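Given the structure is predicted, the values throughout are model-derived calculations rather than measurements. Residue numbering restarts at 1 for every chain, and letters A, B, ... go by the order of the sequence lines.
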Protein chains: 2
Amino acid sequence: MNFDAITIRDIARELHLSVSTVSKALRDSYEISEKTKKLVMEFAQKHNYRPNPMAQSLKKGHSKSIGIVVSSIDNQFFSQVINGMESEAYSQGYNVIITQSHESYDLEVQNVGHLIHRAIDGLLISIATETADVEHLRRLQQQGLPIVFFDRVSTEIETHKVIVDNLGGAYQATTHLLDSGYKNIAHITSSVTSSVTKQRLEGYVNALVERGIEVKERYIKYCLHGGLNLDELEQAVDELLASEPRPDAILTASDRITTSTMTLLHRKNIRIPQDVALVGFSNTVLADVLNPSLTSVHQPAFEIGRKATEMLLSIINSKRPVTEFENVILPTELFIRSSSASKHK
Amino acid sequence: MNFDAITIRDIARELHLSVSTVSKALRDSYEISEKTKKLVMEFAQKHNYRPNPMAQSLKKGHSKSIGIVVSSIDNQFFSQVINGMESEAYSQGYNVIITQSHESYDLEVQNVGHLIHRAIDGLLISIATETADVEHLRRLQQQGLPIVFFDRVSTEIETHKVIVDNLGGAYQATTHLLDSGYKNIAHITSSVTSSVTKQRLEGYVNALVERGIEVKERYIKYCLHGGLNLDELEQAVDELLASEPRPDAILTASDRITTSTMTLLHRKNIRIPQDVALVGFSNTVLADVLNPSLTSVHQPAFEIGRKATEMLLSIINSKRPVTEFENVILPTELFIRSSSASKHK
DNA sequence: AGCGTCAACTCAAACGTTTGCGTAAAAATT
DNA sequence: AATTTTTACGCAAACGTTTGAGTTGACGCT
């Protein structure tokens, strides 16, 4: 069904011009006289002519839409990122098509396939925690699909990447816990394979090492599904609470893990921060009104999305193949609240 | 750029068949012999052939994508709704294209225009709080665009609608507050024009009237921007706190208003529920761990999205014009937590 | 007058499919 | 054996646009 009944053909017929003249007039070609251009444009304007995007896409070979793959849209961090993407894409006349991997490798592959099938002009992707192999992406890139990674990037593929200072954020959070008098700091994080996990882990380790504190393997828990699977997380929390000496603080490495951990601690009647302090990466707007208010490492989510999209569009619009890639690292911000209140007083 | 280099033409050439034979074989036409079909299909399979969606769209006149307009994706309720939509659409081979109105009428009109321009096959929309006039939608519907409303619907346009029992939810919440001993119950809601506002207001009023409690106009505050504009909301809260007698409870009518009100009360050092109880419509997963835990009216957001999409696709796929429209009303659920703890003990 | 130049336009092919119609050969019917 | 019917395929137009290659007529130059 077509809701813009009027086509370039209609205009041509009406104005006694050829289809190509109308097309060129509309595209402001030098081949067409000012008079005719004006005539055509005014007619088009008046009749609310819109070029059929599908015909244009077919002809031009691009679809003016970009694909997005995130783990879950129902997540404050990602919805804010997408917000930024939608904003930038929209302002440049592009649509975004969003898909969710739910942290599953299979779904990710399937989604990417679906997007390609939909003829996207570029891909913005934060790879699923489950994904270890990125061959499916590499192949696409080699075939010429512009890809920009954000958040969870792959070291194996060279392209633009937008991440935050994960190492710094985790380091800062851990140091803050140490400064507040916590000694036995545990770390709950996502899949080992993820770039984000590695960097945050490194920040955590660095902070401990710097203070001469032993890094205990049993204090580090990996959740393959990034907190989506509550059972998995609960097991991690239980194990931490059962270890000797029991950790007096936990650093959680992602939005979902942070909020879910908080929920679990509540259910178990573990007091925060008296029994165990909590600091986590999170973008929830509710950090202030949580019980207790949550010390969080906040990421500039909107800006991540905006920047990643800007870079993707720059590749898409580039005349010559892009070979120099940029690695943008945005700063995180530590918001200190009650969940990590100082032990000293 | 095309990443699936292989076209129906390539297959035809390779197999010494005509383009139409290949096309028909692929579509399993009765005109083609089993042998040839098998040959073609296997070749297509082997070379990973994908029909070019743009060519198909152009030919068939539909794009296999549906447009979504919500106020903001960065909102637990809407992101859950979209989750449901994406899920249903995807399973039927459709994409969703998401746009945000940010509660602005102008943006809504612009977005809808953009979507139409993109040749969507149908529209899922929750109208912006600012929107009073729905002519732009009516026109599209008359031109044959299938539309399904969800959440914020228009009474002026006849089509499928999916909402929740707003009246019941507000009634139940208000009654709960009354049962807990609160007498002066205020109500902060969105724009007067919104269907949701009207229904929730009615539930609130009904509950009060039923108990013989006077409905005070000064206890009812409207926020035109649905809580997106914090100043507007703060003014409403301030006015409520200053009114005599001061309300001892507030019923908030949307996710954003609820969480923002909670934040504001915190900032003002108003204790919940001791100074003022709070019950709100909200889909946050953090209700349990808020300070205090939040009594909330929860909406089946995923199901709203899923159902709305199912209905839209049924219109799209219907052979004959649909004239009988359904009005689906899903139940809400009241989760009682501490923010409305009983006054009696 | 004969020539080239240029402006302003038209033609027609192309993008990758789908589909109604035409047709040759094979099969079935007389 | 002559015919109709069926089967299996090819042809070509169409969807709406873009674009390089003509075409036409007006104009200026020698």
Nearest-Å distance for atom pair [atom1]/[atom2], residues [X] and [N]:
X     : N      : atom1 : atom2 : value
B/N52 : D/dC15 : CG    : P     : 18 Å
B/D10 : C/dG16 : CG    : P     : 8 Å
A/R9  : C/dA12 : CZ    : C1'   : 12 Å
B/H62 : D/dC15 : NE2   : C1'   : 13 Å
A/I11 : D/dT18 : CD1   : P     : 11 Å

Among side-chain atoms of B/S104 and B/S101, is any donor-acceptor pair under 3.5 angstrom?
no

Flag yes if more than 12 heavy atoms outside B/E158 fall under 6.0 Å of its CD atom; otherwise flag no.
no

Just wondering, are more than 12 heavy atoms of other shown residues or ligands nearer than 6.0 Å to CD in B/Q45?
no

Look at the side-chain N and O atoms of A/Y30 and state whether any lies under 4.0 Å from the OP1 or OP2 oxygen of C/dC9.
no

Within the structure, does a side-chain N or O atom of A/R27 lie under 4.0 Å from either OP1 or OP2 of D/dT19?
yes

Hey, which sits more toward the 5' end of DNA chain C by its nearest nucleotide, B/K24 or B/L58?
B/L58

Heavy-atom nearest nucleotide on DNA chain C taken for B/E31 and for B/Q56; more 5' hit belongs to B/Q56

Partners of B/S191 by side-chain contact (heavy atoms from CB on, under 4.5 Å), sequence neighbours excluded?
B/T129, B/T193, B/L224

Quiz question: going by heavy-atom distance under 3.5 Å, is there a donor-acceptor pair between the base of C/dT17 and the side chain of B/K59?
no

Heavy-atom closest pair (B/S23 atom, B/R27 atom, distance to 0.1 Å) is O-CG, 2.8 Å

For B/T36, answer base if it contacts any base atom (sugar-phosphate contacts may also be present), sugar-phosphate if it contacts only those atoms, and nothing otherwise; contact means non-hydrogen atoms under 4.0 Å.
sugar-phosphate

What residues 14-23 of chain B contributes to the DNA chain C interface at heavy-atom separation below 4.0 Å is B/V19, B/S20, B/S23

Given the side-chain rings of A/H62 and A/Y94, with only the six-membered ring counted for Trp, is the space between their centroids under 6.0 Å?
no

